[in-house]
Amino acid sequence: MDGAAEPGDGALVERVRRGDATAFGLLVERHTTRAYSIGYRLLGNREDAEDLVQEAFLAALERIDTFQPGREFGPWFRRIVVNRGLNARKASSRRATSDLPAELQSAGASPLRATEQAQLATLVHGAMAELPERQRDVLRLFELEGFTSAEIAEMLEISDGTVRWHLHQARERLRRSLGLLAERST
Amino acid sequence: MSWEDQALPVRDPRLEGLLRAAEGDSDLGEADRSTLHARIAASADLPLARLRGGSAGSAAGVAGGAPRRAALRALAPLAVAAGIATMLWTGLDSREDDPVERPDLAEISTLEEAFVADLSEQEFRAFVSGSTNSDELLLLAAGEG
């Protein structure tokens, strides 16, 4: 460690407002991973998620003057990502359900293991497909990406209580579906 | 009890495992991350340049535009006053040019009357050159008339 304090997001935003490319690069480094995770969960594939992150950063740059000093950059930026992601999903048919996760395509997996995983994936996808879109989003962001219900509420611009209700409903329905799955497979 | 009042929800590892197995990880590999950063940086060149130009322009606007506007506001009453003065002046001029109020040269018979009358220089010269009484003019000029 060199001991030098990293500039906060607020200071970086101030520099970006003056067109500082280095400050913008630091913001990109800090927030790409989370933004990409959200994009991947909303759009279901890597290419679209990468495009979304790029578009979201450019959108943030275009409206950087509307960012209020003293507020946190992360939640503000994630709202841009989610809004654009939801719009992109509306605009095009979702390809997520047709994409196989990378680990299922792994050349190292045995044929039997790969088949089992593919079957499991198909069943989970089926169970997820029965959920309303909003419940799927909440479940993915909570269970897979580790966002809190408050963070999800801010991103989706709904109340924390509504997020918890969606989460409860989604879990109940999914557990029921996957419980049936367990009974069938034993 | 509302949903806000309930205890914070905790993650379900079993559910998470099933979902992750079905939907995969969202990890962006180091190589992909670098490529994405480079893409974003390249596409941000133009907007950032605009911000650099915009901040210089807005700084000039703040430095020069506001005082200019204040000076113009201060000059506004003067401009109005000047306009009124011009209107009055041209109004008076037009009254002076009114032929009805001009003195009738035919009624002026002496140089004293010509001096007293509000004649223009041209009218005065015409009056003087048309006069045959040069002695009277000289006497008047010498103060003996």
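Order of the sequence lines fixes the chain letters, A, B, ..., with proteins taken first and strands second; residue numbering starts at 1 for each chain.
Contacts between B:Asp27 and chain A at a heavy-atom distance below 4.5 Å involve the backbone alone (N, CA, C, O). Proximity to chain A (any heavy atom under 4.5 Å) is restricted, for B:Arg33, to the side chain, taken from C-beta onward. At a 4.5 Å heavy-atom cutoff, the contact between A:Ile64 and chain B is made by side-chain atoms alone. Only the side chain of B:Leu36 comes within contact range of chain A, with heavy atoms under 4.5 Å apart. Of the atoms belonging to A:Ser149, it is side-chain heavy atoms, and not backbone ones, that fall under 4.5 Å from chain B. Proximity to chain B is limited to the side chain of A:Phe57, based on heavy atoms less than 4.5 angstrom apart. Only the side chain of A:Leu58 comes within less than 4.5 Å of a heavy atom of chain B; its backbone N, CA, C and O stay farther away. Only the side chain of B:Leu15 has a heavy atom closer than 4.5 Å to any heavy atom of chain A.
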message = side-chain contact (heavy atoms from CB on, under 4.5 Å) for B:Glu23 and A:Tyr40? Distances and angles first, verdict last.
response = CA-CA 10 Å; B:Glu23 302 203 341; A:Tyr40 183 79; 5.7 Å; no

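Listed options B:Ser43, B:Ala41, B:Ala49 were ranked by heavy-atom pairs under 4.5 angstrom with chain A; first place goes to B:Ser43. Most heavy-atom pairs under 4.5 Å with chain A, from the set B:Thr35, B:Asp32, B:Val10: that is B:Val10. Note: A:Gly146 leads A:Gly146, A:Gly25, A:Ala21, A:Ala127 in heavy-atom pairs under 4.5 Å with chain B. Of the listed residues (A:Ile38, A:Val16, A:Thr122, A:Leu167), the greatest number of heavy-atom pairs within a distance under 4.5 Å of chain B belongs to A:Val16. Of the residues considered (A:Glu29, A:Glu62, A:Glu55), A:Glu29 shows the highest number of contacts with chain B, using heavy-atom pairs under 4.5 Å.
For A:Glu72, there are no salt bridge (Lys or Arg N to Asp or Glu O under 4.0 Å) partners, not counting sequence neighbours. A:Pro132 meets the side-chain contact (heavy atoms from CB on, under 4.5 Å) test with A:Gln135, A:Arg173; sequence neighbours excluded.
Minimum heavy-atom separation, A:Gly85 to A:Leu52: N-CD1, 3.5 Å. Residue A:Leu12 comes nearest to A:Arg30 through the heavy atom pair CD1-NH1, 3.5 Å, listed as atom of the first residue, atom of the second, then distance.
In terms of modelled atom types and a separation under 3.5 Å, the side chain of A:His31 and the main chain of A:Gly74 share no donor-acceptor contact.
A distance of 9.5 Å separates CE of A:Met128 from CG of A:Leu178, quoted to the nearest 0.5 Å.
At a threshold of 4.5 Å between non-hydrogen side-chain atoms, the residues A:Pro69 and A:Glu14 count as touching.
For the residue pair A:Asp137 / A:His166, no side-chain donor-acceptor distance below 3.5 Å is found, with atom types taken as modelled.
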